[in-house]
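Notes for the one structure printed next.
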Amino acid sequence: MADNYNLILYHPESGKVRRLHLGFSWLFFLLGVFGFFFRGLSKDGLLWLAVLMVLCTLFDNEVGYCPLLDFKYVGYAVGITLAIQGNFYCLQKWMQQGYRLDRTSPLAAAWVLKDKEKFFKNVRYAEIKQELEKIAMRDQL
């Protein structure tokens, strides 16, 4: 049975299969940068964690208290941003690692293109958009 809402990524060399629903990510919303470790992107998780540690020292309350620069607000902003963009970032990284979208159903590809149109206007996701358009066209041929 085809999954019509999730993208299915397949790595031809390792045989690994991953499912991804583009959109709001509860994993990133609840766990923040630790979500990268659950997605198998340890290097990215360590990088984000290092950035947050630097921000934590820069906006430490003991240095001086300024409510707009308080670290908890920076943490909230990072969590909400990752919740919105985290799945797109993971998809991009997995495709760079060699994962392919070949096993995604044409209906799921068309749904993602239509539903997430504003995200695909970004040049950064042009390659993903082209792959999804090819998959969506398979159904019409």
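No hydrogens, no waters, no symmetry mates; every other heavy atom, side chains included, goes into these values.
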- [ ] Rounded to the nearest 0.5 Å, what's the gap from CZ on R100 to CD1 on I135? Could you check?
- [x] 9.5 Å
Task: T81 side chain reached by F28 side chain, heavy atoms, under 4.5 Å - done: no
TODO: Hey, could you give me each pair passing side chain to side chain donor-acceptor pair (under 3.5 Å) that has a residue in residues 109-121? Not counting sequence neighbours.
DONE: none
- [ ] If a pair satisfies salt bridge (Lys or Arg N to Asp or Glu O under 4.0 Å) and one of its residues is in residues 76-92, list it, with sequence neighbours excluded.
- [x] none
TODO: Return the orientation label for the F29 and F24 ring planes: parallel under 30°, perpendicular over 60°, tilted otherwise.
DONE: tilted
TODO: Could you tell me the separation between the CG atom of N6 and the CG atom of L20, rounded to the nearest 0.5 Å?
DONE: 7.5 Å
Check residues 44-51 and write down every donor-acceptor pair under 3.5 Å in which the side-chain atom is one partner and the other belongs to a residue at least two apart or another chain.
{"residue": "D44", "atom": "OD1", "partner": "Y89", "partner atom": "OH", "Å": "2.9"}

TODO: Can you sort out the partners of L31 under side-chain contact (heavy atoms from CB on, under 4.5 Å), two or more places apart, ordered by chain and number?
DONE: L27, F34, F38
Task: Any residue meeting side-chain contact (heavy atoms from CB on, under 4.5 Å) with A110, in chain and number order, not counting sequence neighbours - done: A136
- [ ] Hey, could you give me the CG/CD distance between L22 and Q85, rounded to the nearest 0.5 Å?
- [x] 10.0 Å
TODO: Check the angle between the aromatic planes of Y99 and H11 and answer parallel, tilted or perpendicular using the 30° and 60° thresholds.
DONE: perpendicular
- [ ] Can you sort out the partners of E127 under side-chain contact (heavy atoms from CB on, under 4.5 Å), two or more places apart, ordered by chain and number?
- [x] M95
Task: For the student: nearest non-hydrogen atoms of P12 and G98, plus distance - done: CD-O, 3.5 Å
TODO: Determine whether K129 and L113 make a side-chain contact, defined as any pair of heavy atoms from C-beta on separated by less than 4.5 Å.
DONE: yes
Open item on the list: My understanding is that only residues two or more places apart in sequence, or in another chain, count here; which of them pass ring-ring contact (aromatic ring centres under 6.0 Å, His included) with Y10?
Closed with: none
- [ ] Among residues two or more places apart or on two chains, list those pairs meeting side chain to side chain donor-acceptor pair (under 3.5 Å) that have a residue in residues 23-39.
- [x] R39-N87
- [ ] For S42, enumerate each residue passing the side-chain hydrogen bond (donor to acceptor under 3.5 Å, both in side chains) test, keeping only those at least two apart in sequence or located in another chain.
- [x] none
Open item on the list: What's the separation between atom OH in Y125 and atom CZ in F119, rounded to the nearest 0.5 Å?
Closed with: 8.0 Å
Task: Separation of L132 CG from M137 CE (nearest 0.5 Å) - done: 13.5 Å
Task: Partners meeting side-chain hydrogen bond (donor to acceptor under 3.5 Å, both in side chains) with Q92 (sequence neighbours left out) - done: none
Open item on the list: Apply side-chain contact (heavy atoms from CB on, under 4.5 Å) to residues R19 and L9 and explain how you reach the verdict.
Closed with: CA-CA 6 Å; R19 285 182 194 275; L9 292 101; over 6 Å; no
Open item on the list: So, using ring-ring contact (aromatic ring centres under 6.0 Å, His included) as the criterion, who are the partners of F37 when residues are at least two apart?
Closed with: none
TODO: Check whether any side-chain heavy atom of T104 lies under 4.5 Å from a side-chain heavy atom of V112, and answer yes or no.
DONE: no
Task: Flag side-chain contact, heavy atom, 4.5 Å: L101 against I8 - done: no
- [ ] Calculate, to the nearest 0.5 Å, the distance between atoms CG and CD belonging to L7 and E131 respectively.
- [x] 11.5 Å
Task: Residues which pass side-chain hydrogen bond (donor to acceptor under 3.5 Å, both in side chains) with R103, listed by chain and number, not counting sequence neighbours - done: none
